[in-house]
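For reference, the structure is listed below as structure tokens.
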Amino acid sequence: MKITADSPPVLSVLDRPNSYIGRAVPRPNLQRLTQGRGQYISDVTLPRMAHVAYLRSPHAHARIVSISAEAAKKALGVVAVVTGAELAKVMTPWVGVLTHLKGIKSAPQSPIAVERACWQGEAVCAVVARTRAQAEDACELIDIAYEELPAVTNPETALDASTPVIHASLGDNLCFERKLDVGEVDKAFAGSHAVVEATFVTGRHTGVCTEPRAVVADWNEGEQRMTVYHATQAPHMMQNLFAKHLDLSESQVRVLTKDVGGSFGIKVHTYADEMATVALSKLLKRPVKFVADRIESFVTDIHARDHRIKGKIGVTKDGVITAFEIDDLTGIGPYSVYPRTSGIEANQVVNLTGGPYNCPNYRAQARVVFQNKNVMCQYRAVGHPIAVAVTEGLVELAAAKIGMDPLEIRRRNLFPDDGYPAQTASGLKLEQLSHHEALAHLDTMINYAALRAEQAALRKKGIYRGIGFASFIEVTNPSAAFYGVGGAKITSQDGATVKLDAQGAITIHSGVTEQGQGAEAVLAQCVASSFGVSMERVRVVTGDTDNTPYGGGTWASRAAGIGGEAAWQAGKALRGNVLAVAGAMLQAKPEDLDIRNGIVVDKITGAERLGLDELARVAYFRPDTLPPGFQAELMVTRHYVPRAWPFAFTNGIQASYLEVDTDTGFVKLLRHWCVEDCGTIINPQLVNEQIRGGVVQGIGAALFEQCLYDERGQMLNGNMADYLVPMAVEMPDIDCGHVVSPTADSELGAKGAGEAGTAGAPACIMNAINDALRPLGAQPLTDMPFTPGKILQALGKV
Amino acid sequence: MSMDIDITLTVNGERVAERVEARKSLVDFVRDDLGLTGSHVGCEHGVCGACTMRVDGVIVRGCLMLAAQCDGSHVETIEGLSDSGEVADLQAAFEQRNALQCGYCTPGMLTAAQELLDQAKAKQSVPSRDEIREHISGNYCRCTGYHAIVDAVESVAKARAGVKS
């Protein structure tokens, strides 16, 4: 049953001597981290650096009547006390909308609240001091008078006429709405043998990066230049935004990322307190550091997934799905987050629901409403866990209703493997997926028949185990269709610069970034393979807008598929250039030569002709010995952007085996499996670890994680003891399997793998719990997270 | 407002004398005063384990202990454990198995795992996967899902005990 991480390499057409494609090589940059010698932004210190602490609104919605800071300004170590109105002179506000999300609206947001605070945790005043402790001490001396305003905290009533409007200028509390009606939905439901309806709730939760958000901004008045050390996934995007809102040119801003202690989509957004920190550095002409503490993280890191979805599915008695219908309502924060907006998640729910299935009838409505709670935006697998929970929840409820096996109903409806290209009812274009092969692989991996037999035998002993599944598709390798067409300066292309140094080693500079996924290993593998050296001879530089090609960074599972392809192409181009030098030196035709293991060889015989160190020596120090007019070019840049398909969709299926204690409501996870198709696998170990980590974040959503708010908009569990994240002892071993359907949009054929685990796991756990409890007549559980209390309620025990 | 206290202690084998604020936590002290940034701050109330270090041979939460309490103590951080070679095999296993992604939890995770392996050595036993999972449950990792960490710790436990894996 156990498929180890180091499964045999999946050799591809790209295999060539000295190839690393498909091999589980360790990441080259790990020793720094295991030895505690990494440099996270929270570790960065600069000469004359000051620290900022933010005084935050204790109210969900309040007018700021006055701020008295005289005592604080005189406190020991204090550099400055700055209000929103004062900072507004340095930095302009922003509005989080995209033009391709038709009708989306939001209000201008300032780095520090001006006149009004709109959620509990919004910064209302900054204190800059020599140490963070002194800044926090001085915060205690500030007296802010608030006039509390009514808080909008229930999405269900947010659009009612009797509910106060958060931003009067917008007219109502509706941020974004989308409707879709494809095929003949009513007719399809009318012709169905069974129609199942359920309301799904996905709890508001957040990323809980172990390293909180951190930024050190350094405005050099002498250079007129801003250097920002920033734990971000998208340095070039932030360079653009810092410049834009400080009225600087982009060339005046440099963003460096260093090591980043977890991101998961949390660190790809504009945060008011980070923007404020950068503005404070400009204002005070000295470096200013901000590191969020844990309570600040809980009330200001983006939240996600706060959705209530009414879902409906129709099936024939043969298990053919006739139609899907959903009504999604999501309550975001008081502002749409800039620049990616808080509309994308609901938009993705509409796009992705029903995604694996060949069903032409689909109706959807999604409404995104403003709330006086912390902001919501894109977190790992944006929208997917919600759409998959609704789709797969409905599919398994329908299967149960007509008495069909849950795998069998999927076999009858999943897009056929030989039917591509295909298009979902919502209009997503699918190049090549492998749902049926993945399902068959999973069936074998889990030994399904034996598992069902064990389940049945144990039920007789009063032990209730469940088996649940979730098929899914995942958006990866986004083209400009994701953000660029909507007017955001978020690039979908990426670049790699590859250089042969004077000793014959390779340096790569890439526009994608590393937050632990292994992007740097993948880049090194690609270049080492396409150029022809061992990975020990390759060094990777990322996360520096002054020194890397313009790129999008790492999000939406794009680093390997897009950044990797650019690196692969750059390595190939450099090989061509190096062979031109070798041809000139050896008086041979470049096409008769190759580079293998760092040595120029005869392509056919493999005989060694010239070391790269010698080639580099001649090219750099004795170019006079090369033929007249010949110029060696030992540094090349290549860019890549997906063009043939808006997104490279991947697919997969997960299974969960768990046991429910029907006396306590506790769920014990016994085993979890995922079969996934991310196209060409560059590094199977990294793919598997992305899947495992993603699965566990999805399990967190299913069983533990929720940002709890009361009706006044107060977050009730903003600390790590009360907000539960998965611990090692609660998690199962997770087995991974693969199917490989490369995308033809790139030579590598790699798609993304970063979000598949998170996309499918919550639905899978939900289905397994319901499978376990079905013989007991329990009401289906559809309200995440599935706490022991909810399970006992479903069993009618409390 | 604050009171300063003089402390003398040994940190990673080096004698250190500093004046610290009474309220300063051990992890802030090693990071801010000594520049030992391998110990990380995650939650500041003893839950996440990112600041796990060893004081007088026992692992502690650096955020729950005050620097002032460490007068006369021997403190070991990941920098010391690395340079002495004490956890070299564990580090190698983590690297080989990709048992870390962002690496923020890793120093604390290694320090906690080393304690389990020391206990196992004393008992002349090899911890089971469940025992490993139990022991590292005070150290949160948001990236890996723990499976790879358990694999890495298990492989070192077996290797140290001379058991073939």
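Reminder, nothing fancy here: chain letters follow the sequence lines and each chain counts from 1. All values derive from a computational prediction rather than experimental measurement. Excluded from the calculations below are hydrogen atoms, water molecules and symmetry mates; all remaining heavy atoms, backbone and side chain alike, are included.
One N or O on the side chain of B/Ser137 and one on the backbone of A/Val729 form a donor-acceptor pair closer than 3.5 Å. One N or O on the side chain of B/His147 and one on the backbone of A/Ile734 form a donor-acceptor pair closer than 3.5 Å. Side-chain atoms of B/Arg142 do not come within 3.5 Å of backbone N or O of A/Val725 as any donor-acceptor pair.
Ion pairing between A/Asp137 and B/Arg23 holds under the 4.0 Å rule for side-chain N and carboxylate O. For A/Glu730 and B/Arg133, the salt-bridge test fails: no basic side-chain N is under 4.0 Å from an acidic carboxylate O. Looking at B/Asp83 and A/Arg37, a side-chain N of the basic residue comes within less than 4.0 Å of a carboxylate O on the acidic one, giving a salt bridge.
Contact of the A/Met727 side chain with the B/Asn139 side chain is not registered, since no non-hydrogen atoms from C-beta on lie closer than 4.5 Å. Between B/Glu79 and A/Gln35 there is no side-chain heavy-atom pair separated by less than 4.5 Å. Side-chain contact between A/Pro26 and B/Gln96 is present, with at least one heavy-atom pair separated by less than 4.5 Å. Contact check for A/Pro212 versus B/Tyr104: side-chain heavy atoms found under the 4.5 Å cut-off. Residues A/Phe264 and B/Cys143 are in side-chain contact: their nearest non-hydrogen atoms beyond the backbone lie under 4.5 Å apart. Residues A/Leu33 and B/Thr106 fail the side-chain proximity criterion, which asks for heavy atoms closer than 4.5 Å.
The interface of residues 116-128 of chain B with chain A, defined by heavy-atom distances below 4.5 Å, is empty. Contact residues of residues 32-58 of chain B toward chain A are B/Thr37, B/Gly38, B/His40, B/Val41, B/Gly42, B/Cys43, B/Glu44, B/His45, B/Val47, B/Cys48 (heavy-atom distance under 4.5 Å).
Nearest approach of A/Glu689 to B/Thr144, heavy atoms of both residues: OE1-O, 4.2 Å. A pairwise comparison of heavy atoms in A/Gly261 and B/Cys102 identifies C-SG, 3.4 Å as the closest pair.
Highest contact tally toward chain A, considering only B/Leu81, B/Ile78, B/Leu110, B/Asn98, is held by B/Asn98 [criterion: heavy-atom pairs under 4.5 Å]. Contact tally against chain B (heavy-atom pairs below 4.5 Å) for A/Pro726, A/Gly38, A/Gly700, A/Gly757: the top residue is A/Pro726. Ranked by non-hydrogen atom pairs under 4.5 Å with chain B, the options A/Val696, A/Val260, A/Thr131, A/Thr210 are led by A/Thr210. Among A/Gln31, A/Gln515, A/Gln517, the residue making the largest number of heavy-atom pairs under 4.5 Å with chain B is A/Gln31.
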### Test side-chain contact (heavy atoms from CB on, under 4.5 Å) applied to A/Asp733 and B/Asp151, step by step
CA-CA 10 Å; A/Asp733 279 350; B/Asp151 283 353; 5.5 Å; no

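Neither the backbone nor the side chain of A/Asp259 comes within less than 4.5 Å of any heavy atom in chain B. Contact of A/Ala133 with chain B is made through backbone and side chain together, with heavy-atom distances under 4.5 Å. Proximity to chain A involves both the backbone and the side chain of B/Leu100, based on heavy atoms less than 4.5 angstrom apart. Using a 4.5 Å cut-off between heavy atoms, A/Val695 makes no contact with chain B at all.
Side chains of B/Gln101 and A/Gln690: a donor on one and an acceptor on the other come within 3.5 Å.
Rounding to the nearest 0.5 angstrom, the gap separating the CD atom in B/Gln91 from the OG1 atom in A/Thr34 is 4.5 Å.
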